[in-house]
**Student:** 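Sharing a structure below in structure tokens format, with a few things to ask.
From a predicted model like this one, the values you see are computed outputs, not experimental measurements.
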Amino acid sequence: MENLAFKQQLAEYLLKIQAVKLQPNEPFTWASGWQSPIYCDNRKILSHQDVRTYVKNGLCDLINAYFSDVDCIAGVATAGIAHAALVADALNLPMVYVRSSAKSHGLANLIEGELRHGSRVVVIEDTISTGGSSMKAIKDLRHAGAEVIGLMAIFKYGFQVSKDLFHNEGVVVKTLTNYATLLEVAKKQALISENDLESLNLWQESPSSWNN
């Protein structure tokens, strides 16, 4: 399942529907304040049935290959919720989702849905950047008594800080495609130049200090 052809095809889809935009000469500004030559909005996948199904099937295949003993699917709010729901439905599994913060009213839930103590959970995120939001969700699930057996995402940037974080926390991560594959496809399609490619690679190595 985890093959290059699949990763490349998904990268093509993401570029085609503009879920990913590359602008090395007109960078975006992230909420963190980082200047970024790329913007990823995987919410757009939901509006394209063929891509949505491709992603759903890919996530299901990854689960069957690496996390077949899963008891429950957990989505990370908000962008991971819809994909988690699609996967849980396809695999006939329970689903919960993890809020970024507890509700300020009612039961003040942090985890929505019924999470049974000791459940083996696979967490679904849309995009992994620094890994902070994913790791918070994982810790919240662990605190609630779940055993998180894996984290899956549609796309990852491959920052060293996220690799170190998940390694140190013992989290197994699987993604459908990644930054390196995306750049390879974009270069083949002449969407970026050789100079752009160099700048984009430098950004990945040091996103907080990158200057185009």
Side-chain angles (χ1 to χ4, degrees), residues 1-59 61-62 76 78-80 82-83 124-136 151-168 171-212:
M1 160 57 222
E2 204 173 6
N3 60 71
L4 183 58
F6 184 97
K7 292 177 185 292
Q8 290 176 333
Q9 181 61 72
L10 181 54
E12 287 184 21
Y13 282 145
L14 296 181
L15 289 166
K16 180 180 179 181
I17 67 173
Q18 294 191 315
V20 173
K21 293 183 179 181
L22 295 169
Q23 294 182 189
N25 299 314
E26 298 178 51
F28 304 93
T29 301
W30 283 7
S32 63
W34 287 0
Q35 292 293 294
S36 171
I38 179 173
Y39 186 77
C40 182
D41 181 9
N42 282 329
R43 294 172 182 83
K44 287 195 173 184
I45 291 170
L46 299 173
S47 301
H48 299 267
Q49 301 95 309
D50 53 345
V51 185
R52 186 179 68 208
T53 300
Y54 193 75
V55 166
K56 178 190 71 175
N57 292 341
L59 291 171
D61 287 346
L62 278 182
V76 179
T78 57
H83 297 289
I124 294 183
E125 180 73 276
D126 73 320
T127 304
I128 297 174
S129 53
T130 63
S133 62
S134 303
M135 197 64 240
K136 181 186 179 301
L151 167 66
M152 300 197 313
I154 299 167
F155 178 81
K156 67 177 178 182
Y157 291 99
F159 296 144
Q160 190 61 46
V161 63
S162 66
K163 294 177 184 178
D164 293 342
L165 176 63
F166 295 129
H167 174 76
N168 293 338
V171 179
V172 178
V173 181
K174 299 293 179 181
T175 59
L176 295 182
T177 194
N178 54 57
Y179 188 71
T181 303
L182 185 86
L183 295 190
E184 179 186 341
V185 170
K187 183 68 166 58
K188 285 182 179 178
Q189 295 184 349
L191 298 175
I192 55 174
S193 67
E194 195 65 43
N195 287 338
D196 291 336
L197 185 60
E198 181 179 357
S199 180
L200 287 158
N201 283 326
L202 287 172
W203 174 78
Q204 186 194 38
E205 293 172 11
S206 184
S208 62
S209 60
W210 177 82
N211 191 324
N212 69 317

**Student:** So do P27 and W203 actually touch side chain to side chain, heavy atoms under 4.5 Å?
**Tutor:**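 No, every pair of side-chain atoms sits at 4.5 Å or beyond.
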
**Student:** Could you check V55, T175, L15 and say which one makes a side chain to side chain contact (heavy atoms under 4.5 Å, CB included) with L10?
**Tutor:**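 Between L10 and the candidates, side chain to side chain contact (heavy atoms under 4.5 Å, CB included) is satisfied uniquely by V55.
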
**Student:** Side chains of Y54 and Q9: closer than 4.5 Å at any heavy-atom pair?
**Tutor:**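 Yes. Closest side-chain heavy atoms under 4.5 Å.
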
**Student:** With sequence neighbours excluded, what pairs up with W34 under the side-chain hydrogen bond (donor to acceptor under 3.5 Å, both in side chains) test?
**Tutor:**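 Testing W34 for side-chain hydrogen bond (donor to acceptor under 3.5 Å, both in side chains), a comparison that skips the adjacent residues, returns none.
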
**Student:** Under the rule for side chain to side chain contact (heavy atoms under 4.5 Å, CB included), what residues qualify as partners of L183, not counting sequence neighbours?
**Tutor:**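 Per chain and number, L183 pairs via side chain to side chain contact (heavy atoms under 4.5 Å, CB included) with L22, Y179, I192, L197, L200, N201.
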
**Student:** Going by the side-chain hydrogen bond (donor to acceptor under 3.5 Å, both in side chains) test, which pairs reach into residues 13-22, not counting sequence neighbours?
**Tutor:**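 Checked against side-chain hydrogen bond (donor to acceptor under 3.5 Å, both in side chains) - neighbours excluded - no pair reaches residues 13-22.
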
**Student:** Report the residues that fulfil side-chain hydrogen bond (donor to acceptor under 3.5 Å, both in side chains) with E194, sequence neighbours left out, ordered by chain and then residue number.
**Tutor:**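 With neighbours one apart ignored, the set is K187.
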
**Student:** So L176 and F155, do their side chains get closer than 4.5 Å, heavy atoms only?
**Tutor:**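 Side-chain contact under 4.5 Å: no.
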
**Student:** Please name all residues satisfying side-chain hydrogen bond (donor to acceptor under 3.5 Å, both in side chains) with S133, sequence neighbours left out, ordered by chain then number.
**Tutor:**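 Partners of S133 by the side-chain hydrogen bond (donor to acceptor under 3.5 Å, both in side chains) criterion, ordered by chain and then number, come out as E125.
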
**Student:** With the side chain counted from C-beta on, respond yes when I45 and H83 share a heavy-atom pair under 4.5 Å apart, and no when they do not.
**Tutor:**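 When only atoms from C-beta onward are counted, H83 and I45 do touch, with a gap below 4.5 Å.
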
**Student:** Considering all heavy atoms of both residues, which atom of Y157 and which atom of I38 are nearest to each other, and what is their separation?
**Tutor:**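 Looking at all heavy atoms of both residues, the closest pair is CE2-CG2, 3.6 Å.
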
**Student:** Is there a side-chain contact between I154 and I124 (heavy atoms, below 4.5 Å)?
**Tutor:**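 The answer is no, as the side chains (C-beta and beyond) never meet within the 4.5 Å cut-off.
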
**Student:** How would you list all residue pairs meeting salt bridge (charged side-chain N to carboxylate O under 4.0 Å, His left out) that involve residues 29-41, not counting sequence neighbours?
**Tutor:**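 Residue pairs passing salt bridge (charged side-chain N to carboxylate O under 4.0 Å, His left out), neighbours aside: D41-R43.
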
**Student:** Sequence neighbours left out, what passes side-chain hydrogen bond (donor to acceptor under 3.5 Å, both in side chains) with T78? Give chain and number order.
**Tutor:**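 side-chain hydrogen bond (donor to acceptor under 3.5 Å, both in side chains) list for T78, sorted by chain: empty.
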
**Student:** When rounded to the nearest 0.5 angstrom, what distance separates NE2 in H48 from CD1 in I17?
**Tutor:**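 It is 4.5 Å, given to the nearest 0.5 Å.
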
**Student:** Taking atom CG of L62 and atom CE of M152, what is their separation to the nearest 0.5 Å?
**Tutor:**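 Rounded to the nearest 0.5 Å, the CG-CE separation comes out at 5.5 Å.
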
**Student:** Evaluate the criterion side chain to side chain contact (heavy atoms under 4.5 Å, CB included) for residue pair K156 and T127; output intermediate values, then yes/no.
**Tutor:** CA-CA 6 Å; K156 67 177 178 182; T127 304; over 6 Å; no

**Student:** Just to verify, what does K163 make a side chain to side chain contact (heavy atoms under 4.5 Å, CB included) with, not counting sequence neighbours?
**Tutor:**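 Counting only residues at least two positions away or on another chain, K163 forms a side chain to side chain contact (heavy atoms under 4.5 Å, CB included) with Q160.
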
**Student:** Please name the pair of heavy atoms, one in F159 and one in P207, separated by the smallest distance, quoted to 0.1 Å.
**Tutor:**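 Looking at all heavy atoms of both residues, the shortest contact is CE2-CG, 3.8 Å.
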
**Student:** Identify the heavy atoms of S162 and S129 that sit nearest to each other, and give their distance.
**Tutor:**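 Residues S162 and S129, closest heavy atoms: CB-O, 3.4 Å.
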
**Student:** State, yes or no, whether a side-chain contact exists between P24 and D196 at a heavy-atom distance under 4.5 Å.
**Tutor:**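 Yes, close enough: below the 4.5 Å cut-off.
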
**Student:** In the structure I gave you, are the side-chain heavy atoms of F166 and S134 within less than 4.5 Å of one another anywhere?
**Tutor:**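 Sidechains of S134 and F166: in contact.
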
**Student:** With sequence neighbours left out, write down each residue that passes side chain to side chain contact (heavy atoms under 4.5 Å, CB included) with A11, or none if nothing qualifies.
**Tutor:**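 A11: side chain to side chain contact (heavy atoms under 4.5 Å, CB included) contacts with T177, T181, L182, V185.
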
**Student:** Do the non-hydrogen side-chain atoms of Q23 and F28 ever get within less than 4.5 Å of each other?
**Tutor:**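 Sidechains of F28 and Q23: in contact.
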
**Student:** May I have all residue pairs that pass salt bridge (charged side-chain N to carboxylate O under 4.0 Å, His left out) and include part of residues 48-58, sequence neighbours excluded?
**Tutor:**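 As it turns out, there is no salt bridge (charged side-chain N to carboxylate O under 4.0 Å, His left out) pair with a partner in residues 48-58 once direct neighbours are skipped.
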
**Student:** To the closest 0.5 Å, what do you measure between CG (L14) and SG (C40)?
**Tutor:**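 Rounded to the nearest 0.5 Å, the CG-SG separation comes to 6.5 Å.
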
**Student:** Side chain to side chain contact (heavy atoms under 4.5 Å, CB included) with E184: which residues, sequence neighbours excluded?
**Tutor:**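 Once residues adjacent in sequence are excluded, the partners of E184 under the side chain to side chain contact (heavy atoms under 4.5 Å, CB included) criterion are Q8, K188.
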
**Student:** With a 3.5 Å cut-off and no angle check, do the side chains of S199 and W210 form a donor-acceptor pair?
**Tutor:**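 Result is yes, a qualifying pair exists.
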
